[in-house]
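Here the structure is laid out as structure tokens; the discussion comes afterwards.
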Amino acid sequence: MRFTRLLGRTLKEAPADADCVSHRLLVRSGMIQQVAAGVYSYMPMGWRVLKKIENIIREEMDKAGGQELNMPSLQPIELWEKSGRLASFDKTLFTVTDRKEHKLVLGPTHEEVITDLVRRSVQSYRDLPQLPYQMQNKFRDEPRPRGGLLRVREFIMKDLYSFDADETGLDNSYQKMVSAYKNIFSRCGLPSVMVEADSGAIGGKASHEFMLIADSGEDEIIYCSKCGYAANTEKATSIKKSAPLPESRDIEDVATPGLKSIEEVAAFLGVSHDQTLKSVFYVADGELIFIVIRGDLEVNEIKLKNLLKCTELHMATEAETKVSGLVAGYASAIGLKGIRIVADDSIKLGSNFVAGANRTDTHLKNVNYPRDFTVDILSDIAKTRPGDSCPKCNQALLAQQGIEVGHVFKLGTFLSERLGAYYLDKDGSNKPIIMGCYGIGVGRLLAAAVEQNHDEKGIIWPLPIAPYQVLLCPLKIEDGSVMEAAEAVYAELCAANIEVLFDDRPESPGVKFNDADLVGVPLRLVISARTLKSNSVELKWRKEAQAQMLPLEGLMEAIKHLLKPH
RNA sequence: CGGGGUGUAGCGCAGUGGUAGCGCGCAUGGUUUGGGACCAUGAAGCCGGUGGUUCGAAUCCACUCACCCCGACCA
């Protein structure tokens with residue numbers, strides 16, 4: 001490809017609203033263009049990268065037994081009513097109305113359609129397992145798109161769905177996908193981490209995410225450097241440290257005028273945070289829930305949501321708590337009636353706690369569970385934080401930011417039961433098909449690759465996903481001999497099927513070199529009067545500082561050798 | 001949903017009531033050429049939209065749309 005013919009110019013300055021590195025560099029290098037909030041066009045060069053990633057994914061999916069197919073983005077809303085996921089997607093669903101006033105949704109994912117499709121095609125255990133997949137645009141009206149391609153409203157996702165007759169089959173499919181995913185990310189040249197993940201309100205038993213480590217990542221990964229435990233913060237657990245456990249004493253009032261927060265109360269009474277009980281109020285599907293947790297810990301809303309099996313959860317507003325007659329700042333589970341109480345199991349790890357008295361300006365000392373109050377549910381609902389003890393080996397946990405690029409779920413039979421996807425087993429009985437689903441955000445992966453591979457000058461594409469393998473860069477193209485040599489090398493590279501971007505622009509060396517670094521093509525070949533003096537070209541890897549000279553004689557063989565994997 | 005911010009040439013920005021500006025980029029000609037060169041000439045804007053105030057509005061007021069950021073939080 002000739003640079004002068006390429007659609008999409010490089011920019012010295014990125015749009016002011018481009019905040020994260022990948023957004024800035026992808027826009028500046030002319031790979032993407034914003035169309036609306038969270039909606040982007042891929043320019044030819046960006047599209048080449050995307051296709052490369054897609055092809056690697058496609059090869060690994062096929063190798064694992066997947067079959068590619070295509071499904072519509074327009075989906076009848078009835079399918080979503082039937083699956084019961086209309087409510088859980090709620091406002092993130094894009095809907096359209098056709099001329100007959102019939103509502104359709106723009107698919108945020110394709111589980112409903114594929115389950116319905118498989119329902120029609122699969123009747124017997126002999127037809128299983130099935131591993132259909134697709135790479136298509138999905139639509140989600142995110143509350144807040146951000147970070148360029150990292151969080152968008154229309155995006156390309158690879159989704160594979162597994163359909164198995166039994167749990168063993170599901171385990172098998174799941175394992176196939178896990179190893180396919182590992183292959184995909186390593187073939188892309190992108191080191192990834194697999195972590196335990198929350199499977200959401202609908203999800204089944206097991207779920208893992210694949211993360212690319214990057215400071216700009218939205219997700220926090222909790223991991224153990226000793227035993228290898230790794231989980232999304234949403235899911236992570238830890239061995240909770242016990243607070244002091246003195247003999248229980250009699251409960252007593254203590255005046256705490258104007259003191260409401262754990263911070264204030266603990267400081268006033270001279271106790272540490274883990275010797276207090278914190279009360280928090282949530283509203284789950286309209287029901288006010290009273291939460292008790294040890295004062296040094298915080299509530300993990302995802303764990304709480306899963307525990308309550310609710311679809312909507314938010315912290316109660318002042319108005320919502322007032323209605324129930326609770327005394328904000330001084331609320332307590334002691335003597336409380338008519339409201340469900342959920343407690344974190346940390347309340348057992350300590351005694352003689354300080355807690356609210358349900359009276360303004362008053363707290364209670366020496367509160368003990370279960371002596372002084374009861375709870376409806378006692379479970380782990382605390383946020384795990386770095387420094388906590390690893391649930392497997394007790395080592396102090398560490399944290400780092402990651403970008404979620406892949407997610408695998410064991411779905412179970414939730415959808416097949418609701419959508420009627422049953423098969424006839426050997427024994428003649430009807431059974432729901434057991435499902436799994438396995439997604440990769442292709443555009444996000446592209447952006448994450450840039451987050452992971454760049455320097456102050458620009459992108460540094462890993463070779464397997466680079467838009468071009470070679471950038472051919474003649475200096476001073478008015479010089480007949482330079483351009484003649486460059487044209488000859490260009491023709492040879494094309495003939496050898498090497499992907500080459502030919503910078504045939506009449507620009508100064510500085511401009512060309514800076515654009516070369518910005519665009520991030522792995523191998524740069526410079527031809528100039530200087531190199532021609534020794535019948536050679538200059539060769540430089542984007543990721544390395546040093547250049548070397550290569551003789552024109554035998555150049556193609558040398559380059560082919562350099563581009564060979566490993 | 002709440003809070004804040006920004007809309008002026010392709011991009012980045014200045015312009016607080018009186019003829020629409022700068023830098024980069026773009027076009028033409030010339031001089032340059034190993035890390036974002038220089039000179040000259042030129043094209044390019046319904047100042048996000050609607051309504052108002054005014055002799056006069058990019059500028060003041062109201063509404064509206066779009067985009068960006070922060071918060072979705074421990075009483």
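Scope of the values below: all heavy atoms of this structure, side chains included, with no hydrogens, waters or symmetry mates. Throughout, protein chains are lettered first and strands after them, A, B, ... in sequence-line order, and every chain is numbered starting at 1.
Spacing between atom CD of E13(A) and atom C1' of C22(B) amounts to 13 Å, rounded to whole angstrom units. A straight line from CG of L475(A) to P of G34(B) spans 8 Å, rounded to a whole angstrom. Per the geometry, CD belonging to E478(A) stands 14 Å off P belonging to A37(B), to the nearest Å. Atom NZ of K476(A) is separated from atom P of G35(B) by 14 Å (rounded to the nearest Å). Remark: P of G35(B) and CG of L471(A) are 17 Å apart, rounded to the nearest angstrom. Summarising the geometry, the separation between CG on L518(A) and P on G35(B) is reported as 18 Å, rounded to the nearest angstrom. Straight-line distance from the CZ atom of R505(A) to the P atom of A37(B): 12 Å, rounded to whole Å. Put simply, CE on M483(A) is 18 Å from P on U33(B), counting in whole angstrom units.
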Could you list all N or O pairs between the protein and nucleotides 72-74 of chain B that sit under 3.5 Å apart?
from, atom 1, to, atom 2, distance (Å)
C73(B), O2, E301(A), OE2, 3.4
C74(B), O2', K278(A), NZ, 3.4
C74(B), N3, V299(A), N, 3.3
C74(B), N4, V299(A), O, 3.1

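For A57(B) and A20(B), the P atoms lie 12 Å apart once the distance is rounded to whole Å. Across A58(B) and G34(B), the matching C1' atoms stand 46 Å from one another, rounded to whole Å. Between C24(B) and U41(B), the two P atoms lie 15 Å apart (nearest whole Å). Rounded to whole Å, the C1' atom of G12(B) lies 15 Å from the corresponding atom of G36(B). The P atoms of G21(B) and A9(B) are separated by 14 Å, rounded to the nearest whole Å. The separation of A14(B) from G71(B), taken at their C1' atoms, amounts to 32 Å, rounded to a whole angstrom. C63(B) and G4(B): their P atoms are spaced 14 Å apart (whole Å). The same atom, P, is picked in U8(B) and in G48(B); the two are 6 Å apart, to the nearest Å.
For the pair A382(A) and L297(A), the tightest heavy-atom approach, listed with the atom from each and the gap, is CB-CD1, 4.2 Å. Scanning both residues, L25(A) and H454(A), for their nearest heavy atoms gives CD1-CB, 3.7 Å.
When each of G38(A) and E264(A) is assigned the nucleotide of RNA chain B bearing its nearest heavy atom, the one mapping closer to the 5' terminus is G38(A). Residue P506(A) is the one, among P506(A) and D515(A), whose nearest nucleotide of RNA chain B lies closer to the 5' end (criterion: closest heavy atom).
Taking a pair to require two hydrogen-bonding distances under 3.5 Å in either a Watson-Crick or a G-U wobble arrangement, U54(B) remains unpaired. G2(B): Watson-Crick or G-U partner is C70(B), with both key distances under 3.5 Å. With both pairing distances under 3.5 Å, C47(B) is matched to nothing as a Watson-Crick or G-U wobble pair. Applying the Watson-Crick and G-U wobble criteria (two distances, each under 3.5 Å), G29(B) pairs with C39(B). With a cut-off of 3.5 Å on both pairing distances, A75(B) has no Watson-Crick or G-U wobble partner at all. With both pairing distances under 3.5 Å, U19(B) is matched to nothing as a Watson-Crick or G-U wobble pair. Look at A14(B): it lacks any Watson-Crick or wobble partner with both distances under 3.5 angstrom.
For the pair N514(A) and K457(A), the minimum side-chain heavy-atom distance is below 4.5 Å. A 4.5 Å side-chain heavy-atom check between Y223(A) and L397(A) finds every atom pair outside the cut-off.
Within the 4.0 angstrom heavy-atom criterion, base atoms lie near D517(A). Within 4.0 Å of R294(A), counting heavy atoms only, lies no atom of the nucleic acid at all. Among the atoms of the strands shown, none is found under 4.0 Å from any heavy atom of K91(A).
Taking the side chain to side chain contact (heavy atoms under 4.5 Å, CB included) definition, one finds that K540(A) meets it with R524(A), A547(A), sequence neighbours left out. Considering only residues two or more places apart in sequence or on other chains, D345(A) meets the salt bridge (charged side-chain N to carboxylate O under 4.0 Å, His left out) condition with K240(A). The salt bridge (charged side-chain N to carboxylate O under 4.0 Å, His left out) check on R9(A) picks up nothing, with sequence neighbours excluded. Applying the salt bridge (charged side-chain N to carboxylate O under 4.0 Å, His left out) criterion to R140(A), with sequence neighbours excluded, gives no partner residue. For R24(A), there are no salt bridge (charged side-chain N to carboxylate O under 4.0 Å, His left out) partners, not counting sequence neighbours. For R340(A), the side chain to side chain contact (heavy atoms under 4.5 Å, CB included) test picks out E287(A), I289(A), L308(A), D376(A), I377(A), with sequence neighbours left out. Remark: L463(A) pairs with Q469(A), P522(A), L563(A) by the side chain to side chain contact (heavy atoms under 4.5 Å, CB included) rule, at least two apart or across chains.
Considering only side-chain N and O atoms, Q33(A) lies nowhere under 4.0 angstrom from the phosphate OP1 or OP2 of G10(B). For the OP1/OP2 pair of G36(B) and a distance below 4.0 Å, the side-chain nitrogens and oxygens of S508(A) include no atom meeting the criterion.
Of the residues in residues 350-379 of chain A, not one places a heavy atom less than 4.0 Å from an atom of RNA chain B. Heavy-atom distances under 4.0 Å link RNA chain B to R524(A), V526(A), S528(A), R530(A), T531(A), E538(A) of residues 519-547 of chain A, given in residue order. If you check residues 4-12 of chain A against RNA chain B, the residues with a heavy atom closer than 4.0 Å are R9(A), K12(A), listed by number.
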Evaluation steps, side-chain contact (heavy atoms from CB on, under 4.5 Å), between T276(A) and F353(A) | CA-CA 5 Å; T276(A) 66; F353(A) 288 112; 5.7 Å; no
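One finds a salt bridge joining D141(A) and R153(A) here, because a Lys/Arg side-chain nitrogen approaches an Asp/Glu carboxylate oxygen to under 4.0 Å. Contact check on E218(A) versus R146(A) returns a salt bridge, with a Lys/Arg side-chain nitrogen under 4.0 Å from an Asp/Glu carboxylate oxygen.
Distances from the side chain of A37(A) to the nucleotides G35(B), C68(B), A75(B) place C68(B) closest.
Formation of a donor-acceptor pair under 3.5 Å by the D503(A) side chain with backbone atoms of L472(A) is not found in this model.
Around atom CD of E484(A), no more than 12 heavy atoms belonging to other residues, nucleotides or ligands sit under 6.0 Å away.
Applying the ring-ring contact (aromatic ring centres under 6.0 Å, His included) definition to pairs two or more places apart or across chains, those involving residues 500-524 of chain A are Y490(A)-F502(A).
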